[in-house]
Amino acid sequence: MTDLKRLGRRGAYGLGQLGTQGLGPERPAPFQPRFVRPYHRWPFSAWLLGLLAGALINAGAAAVGWWFMPFIIGLLAGLANHVGRWPTQVALPAVVLTSAAGWLVPLLWSVLHGAPHGGVARITALGLPGNAAVAGLLTVLIAVVQGMTGYWLGRALTPLPTDD
């Protein structure tokens, strides 16, 4: 008979939740989208300085001929992201932009200052038309893939952060 008295009252049965009789179900926590929650620990300015430093280091390494530096910068960004806790949807495009800018700026600088890009383009185009733009795009694409691979490895070496 007591069940009939509870029939139709708000929170009377709490379907799907275990609880003691007579008490209403717990109220669920309100949904808050991930982009609203402050998920990151470092301020935006620290990340912006880090990305700018990564692009400058990539550009300097490209000028010296260190082709592997986008991978190292991506690896460091993946390791730093364990502490900084930016979502991958934000951090990975930033690493891509850093890698692309780090190689695109020195390539454009050398072309604007009279480097013999036509002969180099024919050598590096790998059977594609000997166009400097194709060779430059291929070089930037390789740098982007290196940066993404380094970021992936840095994230894989660090455990997933727990929600605090």
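Each residue takes its place number in the sequence, starting with 1. Because only heavy atoms are used, hydrogens play no part in the values below, and waters and symmetry mates are left out as well, while side chains stay in.
- By the side chain to side chain contact (heavy atoms under 4.5 Å, CB included) test, A59 is found to be paired with P106, residues two or more places apart in sequence or in another chain being considered.
- Across V95, L51, I57, a single residue satisfies side-chain contact (heavy atoms from CB on, under 4.5 Å) together with I73, and that is I57.
- Note on V105 and L56: separate hydrophobic clusters, where clusters join Ile, Leu, Val, Met, Phe, Trp and Tyr whose side-chain heavy atoms are under 4.5 Å apart, directly or indirectly.
- In terms of modelled atom types and a separation under 3.5 Å, the side chain of T158 and the main chain of R155 share a donor-acceptor contact.
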Side chain to side chain contact (heavy atoms under 4.5 Å, CB included) assessment of Y151 paired with L92: CA-CA 7 Å; Y151 177 79; L92 189 61; 3.5 Å; yes
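- Taking OG1 of T98 as the reference point, atom CG of L52 lies at 8.5 Å (rounded to 0.5 Å).
- Linking Ile, Leu, Val, Met, Phe, Trp and Tyr whenever their side-chain heavy atoms come within less than 4.5 Å puts F68 and L79 in one cluster.
- The two residues A143 and S99 have their closest heavy-atom pair at O-CB, 3.5 Å.
- For the atom pair CD of Q146 and CG of L75, the computed distance is 12.0 Å after rounding to the nearest 0.5 Å.
- Closest approach of W103 and W66 over heavy atoms only: CZ2-O, 3.9 Å.
- For the pair V90 and P93, the tightest heavy-atom approach, listed with the atom from each and the gap, is O-CD, 3.5 Å.
- Going from atom CH2 of W152 over to atom CG of L157 covers 8.5 Å, rounded to the nearest 0.5 Å.
- The line from CG of L153 to CZ of F71 is 5.0 Å long, rounded to the nearest 0.5 Å.
- Closest heavy-atom contact between P70 and N58: N-OD1, 3.3 Å.
- We find the CE-CG distance between M69 and L76 to be 9.0 Å, quoted to the nearest 0.5 Å.
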